[in-house]
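Note that these values count all heavy atoms, side chains included, but never hydrogens, waters or copies made by symmetry.
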Amino acid sequence: MATVGELLRDAMSLPGESPRRDAEVLLGHCLGKSRSWLYTWPESSVDETALARFNALLQRRARGEPVAHLTGLRDFWSLELEVDASTLIPRPDTETLVACALELQLPPRAAALDLGTGTGAIALALASERPGWRVTAVDANPEAVALAQRNAQRNRCEQVRILHSDWFEALGEERFDLVVANPPYIADDDPHLAQGDLRFEPASALVSAESGLADLRHIVDAAPAHLEAGGWLLLEHGFEQGAAVRELLAARGFSTIETRRDLGGQERISGGRWRAE
(Lines give C-alpha, C1' and ligand atoms only; values in the text may rest on other atoms or scores of the structure.)
Protein backbone atom coordinates (compact mmCIF):
# COMPACT_ATOMS: atom_id res chain seq x y z
CA MET A 1 0.00 0.00 0.00
CA ALA A 2 1.42 3.40 -1.00
CA THR A 3 2.30 6.02 1.58
CA VAL A 4 1.70 9.76 1.54
CA GLY A 5 5.37 10.50 0.95
CA GLU A 6 5.68 8.03 -1.91
CA LEU A 7 2.63 9.40 -3.71
CA LEU A 8 3.85 12.98 -3.44
CA ARG A 9 7.28 12.07 -4.77
CA ASP A 10 5.75 10.22 -7.72
CA ALA A 11 3.59 13.25 -8.62
CA MET A 12 6.46 15.65 -9.28
CA SER A 13 5.98 15.33 -13.05
CA LEU A 14 2.73 17.30 -12.98
CA PRO A 15 2.55 20.37 -15.27
CA GLY A 16 2.68 23.90 -13.97
CA GLU A 17 5.00 25.91 -11.77
CA SER A 18 4.24 24.12 -8.49
CA PRO A 19 3.81 20.36 -9.04
CA ARG A 20 4.62 19.47 -5.42
CA ARG A 21 2.07 21.94 -4.02
CA ASP A 22 -0.55 20.82 -6.54
CA ALA A 23 -0.03 17.18 -5.57
CA GLU A 24 -0.30 18.07 -1.88
CA VAL A 25 -3.56 19.93 -2.43
CA LEU A 26 -5.04 17.06 -4.45
CA LEU A 27 -3.94 14.35 -2.02
CA GLY A 28 -5.13 16.36 0.96
CA HIS A 29 -8.46 16.79 -0.80
CA CYS A 30 -8.79 13.04 -1.34
CA LEU A 31 -7.86 12.25 2.26
CA GLY A 32 -9.75 15.10 3.89
CA LYS A 33 -6.48 16.26 5.45
CA SER A 34 -4.51 19.52 5.51
CA ARG A 35 -1.17 20.00 3.80
CA SER A 36 0.44 20.31 7.24
CA TRP A 37 -0.93 16.84 8.10
CA LEU A 38 0.72 15.43 4.98
CA TYR A 39 4.08 16.86 6.11
CA THR A 40 3.62 15.48 9.61
CA TRP A 41 2.59 11.97 8.57
CA PRO A 42 4.45 11.11 5.33
CA GLU A 43 4.60 7.41 6.25
CA SER A 44 0.83 7.07 6.57
CA SER A 45 -0.72 4.54 4.22
CA VAL A 46 -3.34 5.63 1.67
CA ASP A 47 -6.28 3.26 1.23
CA GLU A 48 -7.34 2.01 -2.19
CA THR A 49 -10.40 4.26 -2.48
CA ALA A 50 -8.43 7.45 -1.81
CA LEU A 51 -5.59 6.22 -4.04
CA ALA A 52 -7.93 5.63 -6.98
CA ARG A 53 -9.47 9.07 -6.54
CA PHE A 54 -6.04 10.70 -6.28
CA ASN A 55 -4.78 8.97 -9.43
CA ALA A 56 -7.88 10.04 -11.35
CA LEU A 57 -7.30 13.66 -10.32
CA LEU A 58 -3.61 13.42 -11.24
CA GLN A 59 -4.57 12.31 -14.74
CA ARG A 60 -6.91 15.27 -15.15
CA ARG A 61 -4.25 17.65 -13.81
CA ALA A 62 -1.74 16.14 -16.26
CA ARG A 63 -4.13 17.22 -19.04
CA GLY A 64 -3.96 20.74 -17.69
CA GLU A 65 -7.16 21.11 -15.70
CA PRO A 66 -6.77 23.69 -12.91
CA VAL A 67 -6.34 22.32 -9.41
CA ALA A 68 -9.13 24.58 -8.18
CA HIS A 69 -11.55 23.00 -10.66
CA LEU A 70 -10.49 19.53 -9.54
CA THR A 71 -11.12 20.23 -5.86
CA GLY A 72 -13.92 22.76 -6.35
CA LEU A 73 -12.27 25.07 -3.81
CA ARG A 74 -9.72 27.87 -3.68
CA ASP A 75 -8.24 29.79 -0.76
CA PHE A 76 -8.31 33.58 -1.09
CA TRP A 77 -7.35 36.04 1.65
CA SER A 78 -8.68 34.31 4.78
CA LEU A 79 -11.57 32.65 2.93
CA GLU A 80 -12.28 29.26 1.41
CA LEU A 81 -14.21 29.77 -1.82
CA GLU A 82 -16.18 27.40 -3.99
CA VAL A 83 -15.09 27.69 -7.63
CA ASP A 84 -16.39 26.35 -10.92
CA ALA A 85 -15.89 26.83 -14.64
CA SER A 86 -18.34 29.77 -14.83
CA THR A 87 -15.88 32.26 -13.31
CA LEU A 88 -12.22 33.11 -12.92
CA ILE A 89 -10.21 31.26 -10.31
CA PRO A 90 -9.21 33.83 -7.64
CA ARG A 91 -5.50 34.57 -7.79
CA PRO A 92 -3.03 35.72 -5.14
CA ASP A 93 -2.26 38.90 -7.10
CA THR A 94 -5.85 40.04 -6.59
CA GLU A 95 -5.23 40.04 -2.83
CA THR A 96 -3.17 43.17 -3.55
CA LEU A 97 -6.42 44.89 -4.55
CA VAL A 98 -8.00 43.90 -1.24
CA ALA A 99 -4.98 45.16 0.69
CA CYS A 100 -5.08 48.50 -1.13
CA ALA A 101 -8.77 48.94 -0.36
CA LEU A 102 -8.27 48.18 3.33
CA GLU A 103 -5.56 50.83 3.59
CA LEU A 104 -7.92 53.63 2.54
CA GLN A 105 -9.31 55.99 5.15
CA LEU A 106 -13.01 55.36 4.62
CA PRO A 107 -16.02 55.94 6.91
CA PRO A 108 -16.83 53.18 9.42
CA ARG A 109 -20.06 52.51 7.50
CA ALA A 110 -18.54 52.92 4.06
CA ALA A 111 -20.49 51.72 1.02
CA ALA A 112 -18.28 49.53 -1.19
CA LEU A 113 -19.03 48.04 -4.61
CA ASP A 114 -17.28 45.09 -6.28
CA LEU A 115 -17.89 45.02 -10.04
CA GLY A 116 -17.75 41.66 -11.84
CA THR A 117 -17.49 39.81 -8.57
CA GLY A 118 -17.17 36.26 -9.97
CA THR A 119 -16.73 33.97 -6.96
CA GLY A 120 -17.31 36.96 -4.67
CA ALA A 121 -13.66 36.89 -3.59
CA ILE A 122 -12.98 40.62 -3.34
CA ALA A 123 -16.34 41.60 -1.87
CA LEU A 124 -16.28 38.83 0.73
CA ALA A 125 -12.68 39.57 1.72
CA LEU A 126 -13.58 43.22 2.29
CA ALA A 127 -16.70 42.30 4.26
CA SER A 128 -14.77 39.84 6.42
CA GLU A 129 -12.26 42.54 7.36
CA ARG A 130 -14.69 45.46 7.61
CA PRO A 131 -17.97 44.09 9.00
CA GLY A 132 -19.27 47.65 9.35
CA TRP A 133 -19.03 48.33 5.62
CA ARG A 134 -22.08 48.00 3.39
CA VAL A 135 -20.69 45.82 0.61
CA THR A 136 -22.44 45.22 -2.72
CA ALA A 137 -21.21 42.79 -5.37
CA VAL A 138 -22.50 42.56 -8.95
CA ASP A 139 -21.94 40.27 -11.91
CA ALA A 140 -23.52 39.99 -15.35
CA ASN A 141 -23.31 36.18 -15.27
CA PRO A 142 -26.25 34.60 -13.36
CA GLU A 143 -24.12 31.52 -12.59
CA ALA A 144 -21.49 33.74 -10.99
CA VAL A 145 -24.14 35.51 -8.93
CA ALA A 146 -25.36 32.16 -7.59
CA LEU A 147 -21.78 31.07 -6.89
CA ALA A 148 -20.97 34.29 -5.03
CA GLN A 149 -24.13 33.88 -2.95
CA ARG A 150 -23.08 30.35 -1.97
CA ASN A 151 -19.64 31.64 -1.02
CA ALA A 152 -21.20 34.38 1.09
CA GLN A 153 -23.08 31.69 3.04
CA ARG A 154 -19.99 29.47 3.26
CA ASN A 155 -17.97 32.29 4.79
CA ARG A 156 -20.76 33.75 6.94
CA CYS A 157 -20.85 36.99 4.99
CA GLU A 158 -24.58 36.95 4.26
CA GLN A 159 -24.70 40.73 4.81
CA VAL A 160 -23.06 41.25 1.41
CA ARG A 161 -25.65 42.23 -1.20
CA ILE A 162 -25.07 40.28 -4.42
CA LEU A 163 -26.91 41.40 -7.55
CA HIS A 164 -27.22 40.44 -11.20
CA SER A 165 -25.97 43.51 -13.08
CA ASP A 166 -23.93 44.39 -16.16
CA TRP A 167 -21.45 46.66 -14.42
CA PHE A 168 -23.47 49.58 -12.94
CA GLU A 169 -26.67 48.87 -14.87
CA ALA A 170 -28.88 47.65 -11.99
CA LEU A 171 -27.65 50.19 -9.45
CA GLY A 172 -29.72 53.19 -10.48
CA GLU A 173 -28.32 56.34 -8.90
CA GLU A 174 -26.61 54.60 -5.96
CA ARG A 175 -23.27 56.03 -4.89
CA PHE A 176 -20.39 54.40 -3.07
CA ASP A 177 -17.34 55.42 -1.09
CA LEU A 178 -15.32 52.73 -2.85
CA VAL A 179 -15.63 50.93 -6.17
CA VAL A 180 -13.29 48.02 -6.93
CA ALA A 181 -13.05 45.79 -9.99
CA ASN A 182 -10.99 43.02 -11.51
CA PRO A 183 -12.47 43.24 -15.03
CA PRO A 184 -11.44 41.40 -18.20
CA TYR A 185 -8.18 42.98 -19.37
CA ILE A 186 -6.47 40.48 -21.67
CA ALA A 187 -6.27 41.19 -25.41
CA ASP A 188 -8.01 38.61 -27.58
CA ASP A 189 -4.75 37.73 -29.36
CA ASP A 190 -2.70 37.25 -26.18
CA PRO A 191 -0.82 33.90 -26.43
CA HIS A 192 -1.31 33.25 -22.71
CA LEU A 193 -4.97 32.43 -23.42
CA ALA A 194 -3.82 29.13 -24.90
CA GLN A 195 -1.64 28.25 -21.93
CA GLY A 196 -2.09 26.88 -18.41
CA ASP A 197 -5.26 27.40 -16.39
CA LEU A 198 -6.53 30.14 -18.71
CA ARG A 199 -7.54 27.49 -21.25
CA PHE A 200 -10.22 26.27 -18.83
CA GLU A 201 -11.59 29.65 -17.72
CA PRO A 202 -14.39 31.62 -19.43
CA ALA A 203 -13.11 33.98 -22.12
CA SER A 204 -15.85 36.46 -21.20
CA ALA A 205 -14.12 36.99 -17.84
CA LEU A 206 -10.67 37.31 -19.39
CA VAL A 207 -10.79 39.05 -22.76
CA SER A 208 -11.59 42.67 -23.51
CA ALA A 209 -11.44 44.70 -26.72
CA GLU A 210 -9.07 47.59 -27.41
CA SER A 211 -6.01 45.53 -26.49
CA GLY A 212 -7.65 44.63 -23.19
CA LEU A 213 -8.60 48.18 -22.17
CA ALA A 214 -12.26 48.39 -23.21
CA ASP A 215 -13.82 47.30 -19.90
CA LEU A 216 -11.32 49.27 -17.86
CA ARG A 217 -12.17 52.36 -19.91
CA HIS A 218 -15.91 51.81 -19.45
CA ILE A 219 -15.58 51.49 -15.68
CA VAL A 220 -13.41 54.61 -15.40
CA ASP A 221 -15.88 56.60 -17.51
CA ALA A 222 -18.97 55.39 -15.64
CA ALA A 223 -17.68 55.26 -12.06
CA PRO A 224 -17.97 58.98 -11.19
CA ALA A 225 -21.78 58.79 -11.44
CA HIS A 226 -21.64 56.17 -8.68
CA LEU A 227 -18.94 57.61 -6.44
CA GLU A 228 -19.42 59.87 -3.48
CA ALA A 229 -17.34 63.03 -3.49
CA GLY A 230 -13.89 61.93 -2.38
CA GLY A 231 -14.66 58.28 -3.13
CA TRP A 232 -12.09 55.87 -4.54
CA LEU A 233 -11.90 53.68 -7.63
CA LEU A 234 -9.40 50.76 -7.59
CA LEU A 235 -8.79 48.58 -10.65
CA GLU A 236 -6.79 45.45 -11.32
CA HIS A 237 -5.13 45.42 -14.76
CA GLY A 238 -2.47 43.73 -16.83
CA PHE A 239 1.18 44.18 -15.89
CA GLU A 240 1.81 46.33 -18.98
CA GLN A 241 -1.34 48.45 -18.64
CA GLY A 242 -0.44 50.61 -15.65
CA ALA A 243 0.47 53.71 -17.65
CA ALA A 244 -2.65 53.43 -19.83
CA VAL A 245 -4.96 53.07 -16.82
CA ARG A 246 -3.35 56.03 -15.07
CA GLU A 247 -3.97 58.08 -18.21
CA LEU A 248 -7.63 57.00 -18.27
CA LEU A 249 -8.07 58.00 -14.65
CA ALA A 250 -6.40 61.38 -15.11
CA ALA A 251 -8.37 62.18 -18.25
CA ARG A 252 -11.64 61.45 -16.43
CA GLY A 253 -10.78 63.81 -13.58
CA PHE A 254 -9.52 61.50 -10.86
CA SER A 255 -6.77 62.67 -8.52
CA THR A 256 -4.30 61.05 -6.11
CA ILE A 257 -3.66 58.46 -8.83
CA GLU A 258 -1.34 55.64 -7.82
CA THR A 259 -0.29 52.17 -8.97
CA ARG A 260 0.56 49.26 -6.68
CA ARG A 261 2.76 46.32 -7.66
CA ASP A 262 1.68 42.72 -7.14
CA LEU A 263 3.50 39.89 -5.36
CA GLY A 264 5.72 39.40 -8.39
CA GLY A 265 6.73 43.05 -8.56
CA GLN A 266 4.54 43.87 -11.58
CA GLU A 267 2.26 46.90 -11.84
CA ARG A 268 -1.16 45.42 -11.07
CA ILE A 269 -3.53 47.80 -9.23
CA SER A 270 -4.22 51.40 -10.19
CA GLY A 271 -6.69 53.78 -8.66
CA GLY A 272 -7.64 57.31 -7.92
CA ARG A 273 -9.93 59.52 -5.90
CA TRP A 274 -12.98 61.22 -7.35
CA ARG A 275 -12.84 64.95 -6.83
CA ALA A 276 -14.40 66.28 -3.66
CA GLU A 277 -17.25 68.76 -4.19
Side-chain angles (χ1 to χ4, degrees), residues 94 96-118 120-127 129-130 132-141 144-145 148 160-186 204-205 207-238 240-260 267-277:
T94 302
T96 305
L97 177 57
V98 175
C100 290
L102 294 175
E103 291 173 5
L104 298 175
Q105 298 300 310
L106 298 179
R109 291 282 296 164
L113 171 64
D114 176 22
L115 294 169
T117 195
I122 298 170
L124 298 178
L126 294 178
E129 295 288 345
R130 298 289 187 269
W133 285 9
R134 293 169 289 123
V135 180
T136 298
V138 302
D139 203 288
N141 181 350
V145 172
V160 176
R161 182 177 58 151
I162 302 171
L163 304 175
H164 179 232
S165 179
D166 186 1
W167 301 130
F168 298 99
E169 189 175 83
L171 297 171
E173 298 181 357
E174 287 189 60
R175 290 180 178 267
F176 301 85
D177 302 290
L178 170 67
V179 174
V180 297
N182 176 18
Y185 55 73
I186 300 178
S204 60
V207 176
S208 188
E210 300 177 28
S211 299
L213 290 171
D215 288 296
L216 288 160
R217 185 188 307 277
H218 173 77
I219 293 170
V220 171
D221 287 344
H226 297 276
L227 281 170
E228 298 284 3
W232 290 86
L233 173 63
L234 298 180
L235 299 166
E236 179 170 335
H237 52 72
E240 295 180 329
Q241 294 173 328
V245 174
R246 290 192 294 272
E247 290 177 9
L248 291 174
L249 290 164
R252 189 64 178 87
F254 284 85
S255 62
T256 322
I257 298 168
E258 295 182 359
T259 295
R260 179 71 64 86
E267 291 193 337
R268 185 65 61 186
I269 309 299
S270 292
R273 194 177 191 192
W274 185 238
R275 54 177 176 259
E277 296 177 354

> Taking all non-hydrogen atoms of both residues into account, name the closest pair between Phe168 and Ala223 and its distance.
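In this case the closest contact between Phe168 and Ala223 is CZ-CA, 3.7 Å.
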
> With a 4.5 Å limit on heavy-atom distance, are the side chains of Val220 and Leu235 in contact?
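They are in contact (side-chain heavy atoms under 4.5 Å apart), so the answer is yes.
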
> Give, for atom CG of Leu115 and atom NE2 of His226, the distance between the pair rounded to the nearest 0.5 Å.
9.0 Å

> Heavy-atom distance under 4.5 Å between the side chains of Pro224 and Arg252, does that happen here?
yes

> I'd like to check the salt bridge (Lys or Arg N to Asp or Glu O under 4.0 Å) partners of Glu210; sequence neighbours left out, ordered by chain and number.
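Listed in chain order: Arg217.
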
> Taking everything shown except Glu258 itself, do over 12 heavy atoms lie less than 6.0 Å from its CD?
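No - once you tally the heavy atoms of other residues, nucleotides and ligands closer than 6.0 Å, there are 12 at most.
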
> Nearest 0.5 Å please: distance from the CG atom of Asp221 over to the CG atom of Leu249.
10.0 Å

> Go through the steps for His237 and Tyr185 under the test ring-ring contact (aromatic ring centres under 6.0 Å, His included), then give the verdict.
CA-CA 6 Å; His237 52 72; Tyr185 55 73; 7.2 Å; no

> So, Arg275 side chain and Ser255 main chain: donor-acceptor pair closer than 3.5 Å or not?
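No, Arg275 side chain to Ser255 backbone: no donor-acceptor pair under 3.5 Å.
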
> Checking Arg246 now: which residues fulfil side-chain contact (heavy atoms from CB on, under 4.5 Å) with it, not counting sequence neighbours?
Ala243, Ile257, Thr259, Glu267, Ser270

> Under 4.5 Å between any side-chain heavy atoms of Pro107 and Asp177, yes or no?
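Heavy-atom side-chain distance check passes, below 4.5 Å.
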
> Apply salt bridge (Lys or Arg N to Asp or Glu O under 4.0 Å) to Arg273 and list each qualifying residue two or more places apart in sequence or on a separate chain.
none

> Mind checking the CG-CD1 spacing from Leu97 to Ile269? Nearest 0.5 Å is all I need.
4.5 Å

> Is any side-chain heavy atom of Ile122 closer than 4.5 Å to one of Leu126?
yes

> To check you understand the geometry: which heavy-atom pair defines the closest contact between Ala123 and Ala137, and what is its length?
CB-CB, 3.7 Å

> How would you list all residue pairs meeting salt bridge (Lys or Arg N to Asp or Glu O under 4.0 Å) that involve residues 96-112, not counting sequence neighbours?
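Qualifying pairs: Glu103-Arg260.
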
> Tell me the closest heavy-atom pair linking Leu234 and Gly271, and the distance in Å.
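For Leu234 and Gly271, the tightest heavy-atom pair comes out as CD2-CA, 3.9 Å.
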
> My understanding is that only residues two or more places apart in sequence, or in another chain, count here; which of them pass salt bridge (Lys or Arg N to Asp or Glu O under 4.0 Å) with Arg161?
Glu174

> Search all heavy atoms of Val138 against all heavy atoms of Thr136 and return the closest pair with its distance.
CG1-CG2, 4.2 Å

> Rounded to the nearest 0.5 Å, how far does OG1 of Thr117 lie from CG of Leu124?
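With rounding to 0.5 Å, CG (Leu124) is 6.5 Å from OG1 (Thr117).
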
> With heavy-atom distances below 4.5 Å as the criterion, would you say the side chains of Leu163 and Leu171 are in contact?
yes

> What's the spacing between Trp274 CH2 and Leu227 CG if we round to 0.5 Å?
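It comes to 8.0 Å.
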
> Which atom names give the shortest non-hydrogen contact between Trp133 and Ala112, and what distance separates them?
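Answer, listing the atom of Trp133 first, then Ala112: CE3-CB, 4.1 Å.
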
> Evaluate the side-chain contact (heavy atoms from CB on, under 4.5 Å) criterion for residues Leu178 and Leu106: first the C-alpha distance (whole Å), next the side-chain angles of each, then the deciding distance (0.1 Å), finally the verdict.
CA-CA 8 Å; Leu178 170 67; Leu106 298 179; 3.9 Å; yes

> Do Trp232 and Thr256 have side chains that get closer than 4.5 Å, going by heavy atoms?
yes

> Could you tell me which residues satisfy side-chain contact (heavy atoms from CB on, under 4.5 Å) with Pro183, sequence neighbours excluded, listed by chain and number?
Trp167, Ala181, Asp215, Leu216, Ile219

> Drop me the distance from Arg268's CZ to Asn182's CG, to the nearest 0.5 angstrom.
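That separation rounds to 9.0 Å.
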
> In the structure I gave you, are the side-chain heavy atoms of Asp139 and His164 within less than 4.5 Å of one another anywhere?
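A side-chain contact under 4.5 Å is absent here.
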
> Might you point out which heavy atoms bring Ala140 and Asp166 nearest each other, and give the distance in Å?
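For Ala140 and Asp166, the tightest heavy-atom pair comes out as CB-CA, 3.9 Å.
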
